[in-house]
Amino acid sequence: MVVDARTRGFLRPGEPIGGREFAEARHSLFDGAFTWPVMTARRSALDHNIATLARFADRHGLAFAPHAKTTMSPQLVRAQLDAGAWGITAATPGQVLVHRSFGVPRVLLANEIFDRGALRWLAGEIGRFDFLCYVDSVEGVRVLDEMAGDVPFRVLVELGHPGGRTGCRGQDELLAVARAAREARGTEPAGVAGYEGTHHEAAEVRGFLRDLARAARTLAPEVAGPMVVSAGGSSWFDLVAEELAPLTGELGATVVLRSGAYIAHDDGYYRERTPYNRLEGELRPALEVWAQVLSAPEPGLVLVGMGKRDVPHDIHLPFPRAVRRGGRGPAEPLTGVTVVKVQDQHAYLDGDAGLRPGDLVSFGLSHPCTAFDKWRVIPVVDDDDIVIDLINTCF
């Protein structure tokens, strides 16, 4: 990792510097080494969240393959593996390639795959690492069979639901796909998978997870070797544990949880939906963006130099949290203002908190999956806002 004039958020007009050397300088976030806006990740929150989900999975007898589409960061993936993760989940063949370049030993592609070029590469890699992917159609079985090498692709037959995303619509279709995978030379059914997060009510989630457990029992005769059963985003992993963990004893299954956004949590969507609103304990928001007030042109309107290129805006807009008046001095809690609109490089704040041009404002974010992808290098700060590390992303 190299920091230079092209590294967004860093004020480095001169010679490039290595990321490790930059971190060893222990800059304050506010000592002139950065330019605004910049997104930071708080080390204490990242470490807490990684440890919290590792303990949750261990306590419930779940294997954990965190969904790395959230961060695509080699440093954070390594931290998750070091905390005991069973493997890493990916969403695309390109992400599988990235994780192999990180040296990840087991990757679950939580998606169907028809990309023949990627399959040709994967066929040559099978045996060098453990790889599983989804299939929800006979067509999917056929392309995997066509592209397989000497070792078959291990597949999880995906269960979906009407109006949801991918996945077989019903037990009969799922069994037919599983049998096609068993009969094909190039595929081997390894279990079942699904995603409960397209449901929004607990009763619907439980119903889907019970359907998934029923599918696992149905498919058990089609699976050679230990069965894999996988589900789980960051909103309902408590119900995943309640409904699916018993399959470890009943079927000898490996039940794989795939939560991803938990690692950074947030101040919006996941704050509202985390299972830790129902469980003892907590997850902590790890990301914030600091941006500068550029203009206060009329009463009740403040323009901040931060926009769609810098912050997620697909679910909620950012949440003002604190202000450093004039860009100096201690941060003060900020209330009474709301982000009402973001454009490419501007955010519109409504309200009266006495904000003036030159003030620095801290924003909490909603939906970490669309925050990490906007930044290639992210300073990691301690609780005194001293930069102690850098992480990079590989989107």
Next on the checklist: Can you confirm whether Phe319 sits close enough to Pro285 that some side-chain heavy atom of one is under 4.5 Å from a side-chain heavy atom of the other?
Outcome noted: no
Item to check | Exam field: side chain Arg100 to backbone Leu122, donor-acceptor pair closer than 3.5 Å | outcome: no
Checklist outcome for this item: Minimal heavy-atom distance between Ile126 and Pro152, with the atoms involved, is CG2-O, 4.3 Å
Checklist outcome for this item: Nearest heavy-atom contact between Gly305 and Pro37 is O-CD, 3.4 Å
Checklist entry - Are Leu390 and Phe34 connected in a single hydrophobic cluster, I mean Ile/Leu/Val/Met/Phe/Trp/Tyr linked by side-chain heavy atoms less than 4.5 Å apart? => result yes
Checklist entry - Of Ile388, Val387, Asp31, which is the lone residue that meets side chain to side chain contact (heavy atoms under 4.5 Å, CB included) with Arg26? => result Ile388
Checklist entry - Would you say Pro368 and Leu287 make side-chain contact, with heavy atoms under 4.5 Å? => result yes
Checklist entry - Is a donor on one side and an acceptor on the other found under 3.5 Å between the side chain of Arg324 and the backbone of Gly329? => result yes
Checklist entry - Does the Arg165 side chain pair with the main chain of Thr198, one donor and one acceptor, at a distance under 3.5 Å? => result no
Checklist entry - Hey, does Pro66 have a side-chain heavy atom less than 4.5 Å from the side chain of Ile88? => result yes
Checklist entry - According to a 4.5 Å side-chain heavy-atom criterion applied to Ile, Leu, Val, Met, Phe, Trp and Tyr, with indirect links allowed, do Trp290 and Phe22 form part of one hydrophobic cluster? => result yes
Checklist outcome for this item: Phe363 and Met306 have their tightest heavy-atom pair at CD1-SD, 3.6 Å
Item to check | Residues, nucleotides or ligands: over 12 heavy atoms within 6.0 Å of Arg169 CZ | outcome: yes
Next on the checklist: Taking Leu108's backbone N and O only, do any of them form a donor-acceptor pair with Asp130's side chain (distance below 3.5 Å, no angle check)?
Outcome noted: no
Item to check | Cluster link Met227 to Leu209, ILVMFWY, side chain under 4.5 Å | outcome: yes
Next on the checklist: The test is side chain to side chain donor-acceptor pair (under 3.5 Å); show your working for Gln343 and Tyr348 and say whether it passes.
Outcome noted: CA-CA 8 Å; Gln343 295 174 336; Tyr348 291 64; 3.2 Å; yes
Checklist entry - With distance as the sole test, does Gln95 use its side chain to make a donor-acceptor pair with the main-chain N or O of Ala91 at under 3.5 Å? => result yes
Checklist entry - What pair of heavy atoms forms the shortest contact from Ile263 to Asn49, and how long is it? => result O-ND2, 3.1 Å
Next on the checklist: Less than 4.5 Å apart, side chain to side chain, heavy atoms only: is that true for Phe56 and Phe64?
Outcome noted: no
Checklist entry - Is Glu196 reaching over with its side chain to a backbone N or O of Gly232, donor-acceptor style, under 3.5 angstrom? => result yes
Item to check | Min side-chain heavy-atom separation His367-His316 under 4.5 Å | outcome: no
Next on the checklist: Would you say CZ of Arg20 has more than 12 non-hydrogen atoms from neighbouring residues, nucleotides or ligands within 6.0 angstrom?
Outcome noted: no
Next on the checklist: salt bridge (charged side-chain N to carboxylate O under 4.0 Å, His left out), that's the test. Do Asp359 and Arg356 meet it? Break it down for me.
Outcome noted: CA-CA 6 Å; Asp359 290 349; Arg356 299 302 303 162; over 6 Å; no
Item to check | pair Leu365-Met39: side-chain heavy atoms closer than 4.5 Å | outcome: yes
Item to check | Close side-chain approach of Tyr262 to Thr52, heavy-atom, < 4.5 Å | outcome: no
Next on the checklist: Please tell me whether Tyr134 and Phe153 are part of a single hydrophobic cluster in this structure, the criterion being side-chain heavy atoms less than 4.5 Å apart.
Outcome noted: no
Checklist entry - Are Val256 and Phe131 co-members of a hydrophobic cluster defined by side-chain heavy atoms under 4.5 Å apart? => result no
Item to check | Distance-only side-chain donor-acceptor flag, Thr370 / Asp314, under 3.5 Å | outcome: yes
Next on the checklist: Is it the case that atom CG in Asp82 sees more than 12 heavy atoms from other parts of the structure closer than 6.0 Å?
Outcome noted: yes
Checklist entry - Would a distance-only check, ignoring hydrogens and angles, find a side-chain to backbone donor-acceptor pair under 3.5 Å from Thr274 to Tyr276? => result yes
Item to check | CG/Asp344: more than 12 non-hydrogen atoms of other groups inside 6.0 Å | outcome: yes
Checklist entry - At their closest point, which heavy atom of Thr218 faces which heavy atom of Gln171, and how far apart are they? => result OG1-OE1, 4.0 Å
Next on the checklist: Are the side chains of His265 and Arg284 in contact, using a 4.5 Å heavy-atom criterion?
Outcome noted: no
Checklist entry - Run the salt bridge (charged side-chain N to carboxylate O under 4.0 Å, His left out) check on Arg42 and Asp385 step by step: do they pass? => result CA-CA 8 Å; Arg42 194 161 300 279; Asp385 291 316; 2.9 Å; yes
Checklist outcome for this item: For Val141 and Ala180 the tightest heavy-atom approach is CG1-O, 3.7 Å
Item to check | Exam field: side chain Arg12 to backbone Glu15, donor-acceptor pair closer than 3.5 Å | outcome: yes
Next on the checklist: With a 3.5 Å distance limit and no angle check, can you tell me whether Thr338 reaches the backbone of Asp350 through a side-chain donor-acceptor pair?
Outcome noted: no
Item to check | Ion pair check, Asp58 and Arg55, cut-off under 4.0 Å | outcome: no
Checklist entry - Does Thr248 use its side chain to pair, donor to acceptor, with the backbone of Thr254 at less than 3.5 Å? => result no
